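Note that the structure is predicted; figures quoted are calculated from it, not measured.
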Amino acid sequence: MQLAERSALVTGVSRRAGIGFAVARRLHEALGPLDILVANHARSGHGRLDELTAEEIDAFLHENVRASLLLVREFAAQHDDSREGGRVVLLTSGQHLAPMAGEVAYAVSKGALHQATLTLADELADRKITVNTVNPGPTDTGWGLAEQSPAGRMPFGRWGEPDDAARLVVWLCSDEARWVTGQTINSEGGFRRWIPTER
């Protein structure tokens, strides 16, 4: 992939079992002006509607939405418009495909990034920056998913691995994806939200 001499900022890479670390490892970050922003950070957590407080809602929106938009703004402000190849990749969570019971504030905050994708892509197109969003589907990032059986839900017989999402993110950052912008790409390995019944 044509990523030589480009530099990237990837947020949310502190956990080696996570998607952000896998993306950073594949990008082999270099120093210099930023060409790529991957906003992978996330505040996650459970909470049904009747359990929400104003403080919890604010915390999800602050970290997942506000921080991401400000990062995109600062990235665009320092990007060198004289050359192509500026890339922004956001991460969402599949809430646009089906309800996420028990994760109201998380789903709403990630849904905001999904909705912002087209607008941000249009805002930054004249600056030669593409903006896309990736939904990685159920990914084993060390938070207990591996303890659940993927049988019936994942046709390939396993949960997603961080590197599955990293491959797509890195492709979106490359010249191969230079004509792709404003898209939310679902990379879920055929995830079946409802277990199929016997026929």
Side-chain angles (χ1 to χ4, degrees), residues 11-12 15 17-23 38-72 88-122 131-169 172 180-199:
T11 65
R15 296 184 60 257
I19 293 170
F21 185 81
V23 170
V38 180
N40 172 70
H41 65 279
R43 179 184 190 91
S44 60
H46 295 278
R48 300 193 73 82
L49 183 61
D50 61 358
E51 301 168 333
L52 288 179
T53 66
E55 293 76 19
E56 288 173 330
I57 296 168
D58 288 346
F60 277 94
L61 294 174
H62 186 273
E63 191 164 338
N64 294 344
V65 183
R66 181 178 183 268
S68 296
L69 291 176
L70 291 175
L71 278 167
V72 172
V88 172
V89 180
L90 307 171
L91 275 89
T92 190
S93 208
Q95 73 297 317
H96 56 290
L97 299 174
M100 295 180 69
E103 298 180 87
V104 175
Y106 175 72
V108 168
S109 64
K110 284 297 191 173
L113 296 180
H114 168 241
Q115 288 300 316
T117 304
L118 277 172
T119 298
L120 292 173
D122 184 65
V131 180
N132 294 289
T133 296
V134 169
N135 162 31
T139 303
D140 179 13
T141 58
W143 291 106
L145 187 61
E147 298 165 10
Q148 302 176 39
S149 171
R153 314 270 324 254
M154 303 300 292
F156 295 111
R158 67 171 177 86
W159 298 112
E161 299 169 357
D163 199 54
D164 294 323
R167 289 171 189 275
L168 176 56
V169 171
L172 286 170
V180 179
T181 193
Q183 303 302 305
T184 296
I185 302 173
N186 302 307
S187 177
E188 300 189 315
F191 175 46
R192 295 174 176 143
R193 285 170 170 75
W194 295 276
I195 298 175
T197 56
E198 294 290 331
R199 294 184 182 185

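Counting heavy atoms from C-beta on, the side chains of M100 and S93 come closer than 4.5 Å. Two residues are said to be in side-chain contact when any heavy atoms from C-beta on lie closer than 4.5 Å; L91 and V38 meet this criterion. Between R153 and F191 there is a side-chain heavy-atom pair separated by less than 4.5 Å. N40 is not listed as a side-chain neighbour of V169, based on a closest heavy-atom distance of 4.5 Å or more. The closest side-chain heavy-atom distance from L90 to V72 is below 4.5 Å.
Under the 3.5 Å distance criterion, the side-chain polar atoms of T117 are left unmatched by any main-chain donor or acceptor of Q115. Panel note: side chain D140, backbone L145; no donor-acceptor pair is recorded below 3.5 Å. A donor-acceptor contact shorter than 3.5 Å is absent between the side chain of N64 and the backbone of K110. A side-chain donor-acceptor contact under 3.5 Å links Q183 to the backbone of T181. Judged by distance alone, the side chain of N132 and the main-chain N or O of V180 form a donor-acceptor pair under 3.5 Å.
The shortest non-hydrogen separation linking Q95 to G111 is NE2-CA, 3.3 Å. Considering every non-hydrogen atom in both A112 and V65, the closest pair reads CB-CG2, 3.7 Å. In plain terms, the two heavy atoms of L97 and R193 that are nearest each other are CD1-NH2, 3.6 Å. Taking all atoms of both residues into account, the shortest heavy-atom contact from G189 to M154 is O-CE, 4.2 Å.
Once rounded to the nearest 0.5 Å, the distance linking CZ of R66 with OG of S109 reads 14.5 Å. Put simply, CG on L120 and CG on L69 are 6.0 Å apart, with the number rounded to the nearest 0.5 Å. Taking CH2 of W159 as the reference point, atom OG1 of T141 lies at 12.5 Å (rounded to 0.5 Å).
Taking the salt bridge (Lys or Arg N to Asp or Glu O under 4.0 Å) definition, one finds that D164 meets it with R158, sequence neighbours left out. For H41, the ring pair (Phe, Tyr, Trp, His ring centres under 6.0 Å) test picks out no residue, with sequence neighbours left out.
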Exercise. Given the rule in the side chain to side chain donor-acceptor pair (under 3.5 Å) test, do T92 and T133 qualify, once you have shown the distances and angles that lead to the verdict?
Worked result: CA-CA 7 Å; T92 190; T133 296; over 6 Å; no

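Side-chain contact, N186 with H96: a donor N or O sits under 3.5 Å from an acceptor N or O.
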